[in-house]
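One structure is given here, and the rest of the page talks about it.
Chain naming here is simple, since letters A, B, ... match the order of the sequence lines and numbering starts at 1 in each.
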Amino acid sequence: MTRVYRIEWVPGTDRLRGICHCGAAGEAHDPVSMWQWLLAHPAHPAPGDLRPGTA
Amino acid sequence: MAFVRNQWYVAAYSAEVGRALLARIILGEPLVLYRTSAGQPAALADRCVHRHFPLSASQLDGDTIVCGYHGFSYGPDGRCVAVPGQQRIPRTARVSAYPAAEQDSLVWVWIGDPERADPGLIPRAPWLDDAGYTTVRGMEPLAARYELLVDNLLDLSHETYLHGGYIGTPEVADTPISTEIDQEQRVIRVSRRMDNAACPPFYAQSTGIGGRIVRWQDIEYYPPCLYVLHSRVAPAGVLPRPDGTDPDGFHVEVVYAITPSTETSTYDFWAVARDFAPGDTDVSAFLHDSNRTVVLQDVEALNMLERVIAAEPPGTQELSINIDTGGLAARRMLARLAEESACLPAPVP
Ligand code: FES
Ligand SMILES: [Fe+2]
């Protein structure tokens, strides 16, 4: 399996959707927390645990 | 961010490296480049061991550089082969030789531990040396840290504002992007697909398309040095054929090599390779002048930004929004590469 982490800009919204190579998917409102969530693989935090704004 | 060592960097275009000595500073290291009589690129430290005179200000005698101050002579491997007035050559008389490789009309040098230099790691830009493409190119020195150029190239929404009237149209900033970090291939991909966009002069004049266009921007960034923008334009509604061929599309490969020179200066190599109007000198001149203008708009903006950032207190916050997804991915991968390089164990002798 190739280790690809993807962030899509959800059409028609301002939200971002992150899709991990392991199949996990999550949403966030800013790219800093979206990358944080994705690259925490395999321990993707629960949605409420995202702290936006810290790189 | 620190420099990323133990990596290949573009030092020059092939055409720049010949029988004249060329000086370049890469990751803070002064280099002198030339081509041996056998045609191989050579890269040595640009400081004579004797009194540190720049070898780039010296003369080539065959494949030997003769220092322009007192005549220490160095072969392409950096070893001193003659010193003035005496027979004995001190054992420590050598300058560092940098692994160098030539590929796709680019001369790459390895900055780091020479034992680790594997030419197989050099990312490819085959269009620059392909008879099916016509290429224009240039290099602009940037008085800014390389990270600012990475940020700039990974977020093309700035085309709409900084390059309006050249390559920017409203759709670029308004179209959502998809971004990938591929950790195996060590590449970052940012893709923006515009189905129905205004055609900026850069493409209208070079392709002759009159109306609205399909415009695809697919970026691949191979950190730290190589950036490729695969650009496809076609009249609105015209897509690649189901079998994958694309005879009705116009393809432009926009290649940048981002080579840090000092902490606050960068070589901005740029090339535009197209698969249409082959050899057409008017189209070439137009694309060259337009792209150079665009690059200089970036250079002016980034030089100004460098002065602003350099004056800021440490820890000054930025604000990132959706358009920054690609730039943030690049920063993360660069940080990771810098860390990996710093942690490398010493090579096995
Ligand atoms: S400085 Fe080069 S020979 Fe003296
Ligand atoms: Fe995961």
Next on the checklist: So for A:L39, is it side chain, backbone, both, or neither that comes closer than 4.5 Å to the heavy atoms of chain B?
Outcome noted: side chain
Can you establish whether the number of heavy atoms outside [X] located under 6.0 Å from its atom [atom1] is more than 12?
{"X": "B:E340", "atom1": "CD", "value": "yes"}
{"X": "B:H251", "atom1": "NE2", "value": "yes"}
{"X": "B:D174", "atom1": "CG", "value": "yes"}

Item to check | Side-chain donor or acceptor of B:N322 paired with backbone N/O of A:D14 under 3.5 Å | outcome: yes
Checklist entry - Which region of B:L319, side chain (C-beta onward) or backbone (N, CA, C, O), has a non-hydrogen atom less than 4.5 Å from a non-hydrogen atom of chain A, or is it both or neither? => result neither
Working to the nearest 0.5 Å, report the span between [atom1] of [X] and [atom2] of [Y].
{"X": "A:M34", "Y": "B:L328", "atom1": "CE", "atom2": "CG", "answer": "12.5 Å"}
{"X": "A:L16", "Y": "B:S178", "atom1": "CG", "atom2": "OG", "answer": "11.0 Å"}
{"X": "A:R3", "Y": "B:Q185", "atom1": "CZ", "atom2": "CD", "answer": "10.5 Å"}
{"X": "A:W35", "Y": "B:I181", "atom1": "CH2", "atom2": "CD1", "answer": "3.5 Å"}
{"X": "B:I188", "Y": "A:Y5", "atom1": "CD1", "atom2": "OH", "answer": "13.0 Å"}

Next on the checklist: Suppose we screen for salt bridge (Lys or Arg N to Asp or Glu O under 4.0 Å). Which residues come up paired with B:D118, at least two apart in sequence or across chains?
Outcome noted: none
Item to check | Results of salt bridge (Lys or Arg N to Asp or Glu O under 4.0 Å) for B:R189 - residues two or more places apart only | outcome: B:E180, B:D182, B:E220
Checklist entry - Does A:D30 reach the side chain of B:I321, with side-chain heavy atoms less than 4.5 Å apart? => result no
Checklist entry - Do the non-hydrogen side-chain atoms of A:Q36 and B:R332 ever get within less than 4.5 Å of each other? => result yes
Checklist outcome for this item: Taking every heavy atom of B:S320 against every heavy atom of A:V32, the minimum-distance pair comes out as CB-CG2, 4.0 Å
